[in-house]
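Beneath this line is the structure, given in structure tokens, with notes to follow.
Note that these values count all heavy atoms, side chains included, but never hydrogens, waters or copies made by symmetry.
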Amino acid sequence: MLTKTQAQDTRRIAAATLHAFLVDALRACGLAEADAATVAGAMLEADLTGSDAHGVFRLAGYVRQLKRGAMNPTPSIRVLERGPATALVDGDRGMGHVVMTYAANLAVELARTAGVGAGAIYATIPLRDGMVGIYGAASSVNHMAPWGGSEPLLGTNPIAVAIPAGNEPAVVLDIATSLASNGAIRTHELEGKPMPQGWVQNRKDGSPITDPRRINEGTYLPMGGYKGSGLSIVIGLLAGSLNRAAFGRDIRDFAAPAGGDGNVGQFVIALDVARFMPLDAFKAEVDRHIRDLVSSRRLRGGDDIRVPGMGRAARRAERERNGVPLHRTVLAQVDEVAKSLDIVPLSARA
């Protein structure tokens, strides 16, 4: 729900309009029609479900990377190695959305025959086939220091788990290992809003940084203290080192000038539920547990009890009805991108 002030600073854009604009922008950067639609669909999904920092907000950065050659608009995706339940995919510096869609389909294919499949994709894609998805990524830039340190050697390395349900929304946990995601911090920077204390610490003395213009002076703080730091390390080793991709000091900032291979690593595990129990029976069990949890006794004055994925489903339904809310600064930014690409601005389409 938007506050009155937030509503005044935002404009609602219909999902179909936003998708068409994104396709046009990506096509103008050299992507094939099908690949542009894949990327646009993933970005729109982020905006619809409330992961605003991964939707149209990212377009300007993607266009810069495509224009300077950091990302390949026409990748030749290859399977380097394949086993009964695993595959190692080389994305040829393609946009992650395109490479991960390819890998997702491969992971599902592997899971159908072996019960489990590993590749690189968002966790929710295996849901379509009645499977559990587990996803992790070694971020393309290091913003966190190891617990107790001051040198940024860790990314906000996200992890996501998606579990199919029956009549209830699927259980979808999608989190960064930092207390605040990079997208949330960059949104504060773009909108000129101070950050809460505890998101970023000064590299020299550990004092809190709340001015988003000073984030390069600090490191992001992990969620849960040493636990978040440890989880970031584990995810980075699995998504990076195990994939022959970069981790730690080997990470080259995605936003840095071109030169060398970014070599970003990601992984997904797809588990075929039917190998463990009938899918319908599992979904019924998940539904039962969800209802038990959300109907359990609340603390006096506390918020409603929610299971991961419920808020996502509610936001998607609301935004499909009323449009995606875009802050005026984001809309102005993407209109500038449209101008540079010689396509119709988003604000002129709404």
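- Remark: the backbone N or O of Pro158 is not paired with any side-chain donor or acceptor of Asp174 at under 3.5 angstrom.
- Of all the heavy atoms in Ala270 and Ala107, the pair that sits closest is CB-O, 4.1 Å.
- To the nearest 0.5 Å, the span separating CG on Leu18 from CG on Leu48 amounts to 8.0 Å.
- Using a cutoff of 4.0 Å between basic side-chain nitrogens and carboxylate oxygens, Glu189 and Arg213 are not scored as salt-bridged.
- Judged by distance alone, with hydrogens and angles left aside, the side-chain atoms of Asp90 form no donor-acceptor pair with the main-chain N or O of Ile77 at under 3.5 Å.
- With contacts defined as side-chain heavy-atom distances shorter than 4.5 Å, the pair Val273/Met131 does not qualify.
- Within the model, atoms CG of Asp35 and OG1 of Thr74 stand 9.0 Å from one another, a figure rounded to the nearest 0.5 Å.
- Between Arg349 and Ile343, some side-chain heavy-atom pair lies under the 4.5 Å cut-off.
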Can you list the steps and then say if Ile235 with Thr177 is a side-chain contact (heavy atoms from CB on, under 4.5 Å)? CA-CA 9 Å; Ile235 295 169; Thr177 49; 3.9 Å; yes

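- Here the side chain of Asp92 pairs no donor or acceptor atom with the backbone of Gly94 at under 3.5 angstrom.
- Scanning for side chain to side chain donor-acceptor pair (under 3.5 Å) contacts around Ser347 gives Asp335, with sequence neighbours left out.
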Should Arg186 and Glu191 be marked as a side-chain contact (heavy atoms from CB on, under 4.5 Å) after you check the CA-CA gap, both sets of side-chain angles, and the distance that decides it? CA-CA 9 Å; Arg186 295 296 178 179; Glu191 298 178 3; over 6 Å; no

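- In summary, Glu318 and Arg321 do not engage in a salt bridge, as defined by a charged side-chain N under 4.0 Å from a carboxylate O.
- The cluster map of Ile, Leu, Val, Met, Phe, Trp and Tyr, joined by side-chain heavy atoms under 4.5 Å apart, puts Val172 and Ile159 in different clusters.
- Between Val89 and Ala103, the shortest heavy-atom distance links the atoms CG2-CB, 4.4 Å.
- By the 6.0 Å contact criterion, CZ on Arg78 is open, its count of non-hydrogen atoms from other residues, nucleotides or ligands being 12 or less.
- Although no hydrogens or angles enter the test, the distance criterion places no donor-acceptor pair under 3.5 Å between the side chain of Thr17 and the main chain of Ile13.
- Ile209 and Leu221 fall into different hydrophobic clusters, where Ile, Leu, Val, Met, Phe, Trp and Tyr are joined by side-chain heavy atoms under 4.5 Å apart, directly or via other members.
- Note that CG of Leu242 is 8.5 Å distant from CG of Leu88, once rounded to the nearest 0.5 Å.
- Taking 4.5 Å as the limit, some side-chain heavy atom of Ile185 sits within range of a side-chain heavy atom of Trp199.
- Exactly one residue among Val132, Val171, Val286 makes a side chain to side chain contact (heavy atoms under 4.5 Å, CB included) with Pro164. That residue is Val132.
- Rounding to the nearest 0.5 angstrom, the gap separating the OG1 atom in Thr49 from the CD atom in Glu320 is 10.0 Å.
- Partners of Arg112 by salt bridge (Lys or Arg N to Asp or Glu O under 4.0 Å), not counting sequence neighbours, listed by chain and number: Asp129.
- When every heavy atom of Leu293 is checked against every heavy atom of Ser296, the shortest pair comes out as O-OG, 2.7 Å.
- Residue Leu80 qualifies as enclosed at atom CG: its count of foreign heavy atoms under 6.0 Å is above 12.
- Using a distance-only test at 3.5 Å, with no hydrogens or angles considered, a donor-acceptor pair links the side chain of Ser229 to the main chain of Trp147.
- With a 4.5 Å cut-off on side-chain heavy atoms, Val161 and Ile163 count as touching.
- For Ser181 (side chain) and Ala184 (main-chain N/O), a donor-acceptor pair under 3.5 Å exists by modelled atom type.
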Go through the steps for Leu341 and Cys29 under the test side-chain contact (heavy atoms from CB on, under 4.5 Å), then give the verdict. CA-CA 8 Å; Leu341 296 175; Cys29 292; 4.0 Å; yes

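- Note on Arg58 versus Asp47: no salt bridge recorded, every NZ/NE/NH1/NH2 to OD/OE distance being 4.0 Å or above.
- A chain of hydrophobic side-chain contacts below 4.5 Å, direct or via other Ile, Leu, Val, Met, Phe, Trp or Tyr residues, connects Leu31 to Val63.
- At a cut-off of 3.5 Å, with distance as the only test, a side-chain donor of Ser232 or Asn157 sits close to an acceptor on the other residue.
- When all heavy atoms of Arg12 and Pro325 are compared, the closest pair comes out as NH1-CD, 3.6 Å.
- Under the 4.5 Å side-chain heavy-atom criterion for grouping Ile, Leu, Val, Met, Phe, Trp and Tyr, Ile233 is not connected to Leu153 through any hydrophobic cluster.
- With a 4.5 Å cut-off on side-chain heavy atoms, Arg312 and Thr124 count as touching.
- Salt-bridge check for Arg288 with Glu168: failed, with every basic side-chain N at 4.0 Å or more from each acidic carboxylate O.
- Under the 30°/60° scheme for interplanar angles, the aromatic rings of Tyr220 and His143 are found to lie parallel.
- Asp52 has its side chain out of reach of His327: every pair of non-hydrogen atoms, C-beta onward, lies at least 4.5 Å apart.
- Between atom CG of residue Leu154 and atom OG of residue Ser139 there is a gap of 9.5 Å, rounded to the nearest 0.5 Å.
- Among all heavy-atom pairs drawn from Val294 and Arg306, the shortest one is CG1-CA, 4.4 Å.
- A donor-acceptor distance shorter than 3.5 angstrom exists from the side chain of Asn142 to the backbone of Gly248, with no hydrogens or angles considered.
- Applying the 6.0 Å contact sphere to CG of Asp292 captures more than 12 heavy atoms from other residues, nucleotides or ligands.
- Side-chain contact between Arg11 and Arg328 is absent, with no heavy-atom pair separated by less than 4.5 Å.
- Looking at Met43 and Phe57, their side chains never come closer than 4.5 Å, going by heavy atoms from C-beta outward.
- Annotation: ring pair (Phe, Tyr, Trp, His ring centres under 6.0 Å) contacts of His19 (sequence neighbours excluded): none.
- One hydrophobic cluster, built from ILVMFWY side chains closer than 4.5 Å, holds both Val98 and Tyr102.
- Side chain of Arg319 to main chain of Gly323: no donor-acceptor pair is present (N/O by atom type, distance under 3.5 Å, no hydrogens or angles).
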Step-by-step salt bridge (charged side-chain N to carboxylate O under 4.0 Å, His left out) determination, Glu336 to Lys339: CA-CA 5 Å; Glu336 283 298 313; Lys339 183 179 179 181; 5.1 Å; no

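- Side-chain atoms of Asn202 never come within 3.5 Å of backbone atoms of Ser207 as a donor-acceptor pair (strictly under, hydrogens ignored).
- Shortest non-hydrogen contact noted between Val264 and Ala245 is C-CB, 4.0 Å.
- Atom CG of Asp342 has 12 or fewer heavy atoms from other residues, nucleotides or ligands within 6.0 Å.
- Aromatic rings from Tyr62 and His97 are positioned such that their centres are separated by under 6.0 Å.
- Of the candidates Gln197, Met195, Gln201, Pro208 forms a side chain to side chain contact (heavy atoms under 4.5 Å, CB included) with just one, namely Gln197.
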Would Met223 and Leu231 satisfy side-chain contact (heavy atoms from CB on, under 4.5 Å), going step by step from the backbone distance to the final call? CA-CA 9 Å; Met223 65 171 187; Leu231 185 58; 3.6 Å; yes

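- One distance of note links CE of Met95 with OG1 of Thr101; it measures 11.0 Å at 0.5 Å rounding.
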